[in-house]
Number of protein chains: 2
Amino acid sequence: MVRPRTSDTKDRIRAVALELFAEQGVQRTSLRQIAERLGLTKPALYYHFSSREELVRSLIQPLVDDVESFLARVEAEEDVDPRTLLAGYYDLYLRHRRITALVAREPDVLGYLDFAARVADWRLRLIALLAGPDPSLEDRARAVVAIGGLADCTLVFIGMPPEELRSAALNAACAALGPLLEKRS
Amino acid sequence: MVRPRTSDTKDRIRAVALELFAEQGVQRTSLRQIAERLGLTKPALYYHFSSREELVRSLIQPLVDDVESFLARVEAEEDVDPRTLLAGYYDLYLRHRRITALVAREPDVLGYLDFAARVADWRLRLIALLAGPDPSLEDRARAVVAIGGLADCTLVFIGMPPEELRSAALNAACAALGPLLEKRS
DNA sequence: GTCTATAGCAAGATAGAC
DNA sequence: GTCTATCTTGCTATAGAC
């Protein structure tokens, strides 16, 4: 029997919290509700998480880390193919779909955690990767439409055939890039 | 002196509420804060708005009404030019920029008002207008990228030259539509 | 139309027993 | 690791005087 990295209860708390957050939104879900659905009491939650904020953060952290390392990896490459970049971003969003759905529903939760500054930077870095340094407003708009539209697709088309959806979303996002698809730094 | 449609105080409350909502988010702003900044007391707010929810609703209602009437007007036309449709949608978003910014930050607020059902319908109707009846997944993705990306542009590029931004955003969104730009029902 | 005062409640969080 | 009991704070909302 391998020692689990986190306790069983801790994971159950996270699972139930995620469930309730998806039903009601993060901000409108209380610790009391989470405890009740678990069949525990509020103090029990505080044994595992030092605050409500920490519980929320522990759910979002994996997404944040994944985005950061994805960006770092891509930025280290010499030549970035736009479609490959967008595909990686799409897969990232899809892999964390339950969390990205929460964040899309209440982006503000990223603000009241300490993620605000990091997240604000992501779009700028993605734009730079797609449109190069000193991009025109037109090129920046193309990048924003591609990035934002792609993220929307992962959330809107729940239940669609994954492979077909993936290529459909990427085709649309790449089309938005227009001339940026060919221009290489 | 023309009789004002709403009282001066009512408008001041709305203005201050909007201000605080923009600073802190809708859900994390209390009536106490609004009253304090106004130099009034909480009960004074209740004289003008029967509940916190009604205050929020009264701010969002004009946007909802405008979107509904925009969609109805466009749906009544025989032949809808995609770029014209997107331009109208863009202008709508821009005209209500302060409110669309709030909603983008906490889309969930649309859910706990009674707007959820109506709003859920908007995207479907826009997709139908852009991609026609019985669209392929690919075409629906193109419509979603165009619509969502366009909305993002109104929020991301605050302070940019309006006319240049408008055409840049529309160019990108229309590019995402690809073949849908030409196909007419 | 605005006030003081307060009801009524639920939230996050802690103390301390087991 | 989980409990009972409780603290503190803040909220929406109302009663009733002016």
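To find a chain, count down the sequence lines: A is the first, B the second, and so on, and within it residues start at 1.
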TODO: Check the pair V74(B) / L126(B) against side-chain contact (heavy atoms from CB on, under 4.5 Å), numbers first and verdict last.
DONE: CA-CA 10 Å; V74(B) 175; L126(B) 281 168; over 6 Å; no

Task: Protein-to-nucleotide contact annotation, 5' to 3' order, nucleotides 6-12 of chain C [B base; S sugar-phosphate only; - none; under 4.0 Å, heavy atom] - done: -----SB

Task: Donor-acceptor side-chain pairing of R97(A) and T154(A) below 3.5 angstrom - done: no

Open item on the list: Test question: given the 4.5 Å side-chain rule for I, L, V, M, F, W and Y, name all other residues clustered with Y47(A), or answer none.
Closed with: none

Task: Integer-rounded Å distance: dT2(C) C1' and F49(B) CZ - done: 15 Å

Task: Of residues 11-21 of chain B, the positions that come close to DNA chain D - non-hydrogen atoms, cut-off under 4.0 Å - done: none

TODO: Give a yes/no answer on whether the side chain of T41(B) brings an N or O atom under 4.0 Å of OP1 or OP2 in dT4(C).
DONE: no

Indicate every side-chain donor-acceptor pair of residues 39-46 of chain A with a distance under 3.5 Å to a residue at least two apart or in another chain.
none

- [ ] For R95(A), enumerate each residue passing the side chain to side chain contact (heavy atoms under 4.5 Å, CB included) test, keeping only those at least two apart in sequence or located in another chain.
- [x] D66(A), D91(A), L92(A)

Task: Rounded interatomic separation in angstrom, taking NE2 from H48(A) and P from dG1(D) - done: 6 Å

Task: Sequence neighbours excluded - ring-ring contact (aromatic ring centres under 6.0 Å, His included) pairs with any residue from residues 57-101 of chain A - done: Y89(A)-Y93(A)

Contacts under 3.5 Å, N or O only, protein and nucleotides 16-18 of chain D:
none

- [ ] Mind calculating the distance between CD1 (I34(B)) and C1' (dC11(D)) to the nearest angstrom?
- [x] 12 Å

Open item on the list: In whole Å, I'd like the distance from the CD atom of E36(B) to the C1' atom of dC11(D).
Closed with: 13 Å

Let me check something: any side-chain donor-acceptor pairs from residues 106-114 of chain A under 3.5 Å, sequence neighbours excluded? List them with distances.
from    : atom 1 : to      : atom 2 : distance (Å)
E106(A) : OE1    : V26(A)  : N      : 2.5
E106(A) : OE2    : Q27(A)  : N      : 3.1
E106(A) : OE2    : Q27(B)  : NE2    : 3.3
D108(A) : OD1    : R105(B) : NE     : 2.7
D108(A) : OD1    : R105(B) : NH2    : 3.2
D114(A) : OD1    : R57(A)  : NH1    : 2.8

Open item on the list: I'd like to check the salt bridge (Lys or Arg N to Asp or Glu O under 4.0 Å) partners of E164(A); sequence neighbours left out, ordered by chain and number.
Closed with: none

Task: Sequence-distant partners of D65(A), side-chain hydrogen bond (donor to acceptor under 3.5 Å, both in side chains), two or more places apart - done: Q61(A)

Task: Atom-pair distance (CD on E53(B); P on dC11(D)), nearest Å - done: 18 Å

Task: Residues that, via side-chain heavy atoms closer than 4.5 angstrom, fall in one hydrophobic cluster with V145(A) - done: V145(B)

Open item on the list: Between Y47(A) and dG1(D), is there a contact of a side-chain N or O with OP1 or OP2 at under 4.0 Å?
Closed with: yes

Ignoring hydrogens and angles, write down the donor-acceptor pairs under 3.5 Å from the side chains of residues 171-178 of chain A, residues two or more places apart or on other chains.
from    : atom 1 : to      : atom 2 : distance (Å)
N171(A) : OD1    : R83(A)  : NH1    : 2.9
N171(A) : OD1    : R83(A)  : NH2    : 3.0
N171(A) : ND2    : S167(A) : O      : 3.2
N171(A) : ND2    : E138(B) : OE1    : 3.2
N171(A) : ND2    : E138(B) : OE2    : 3.4

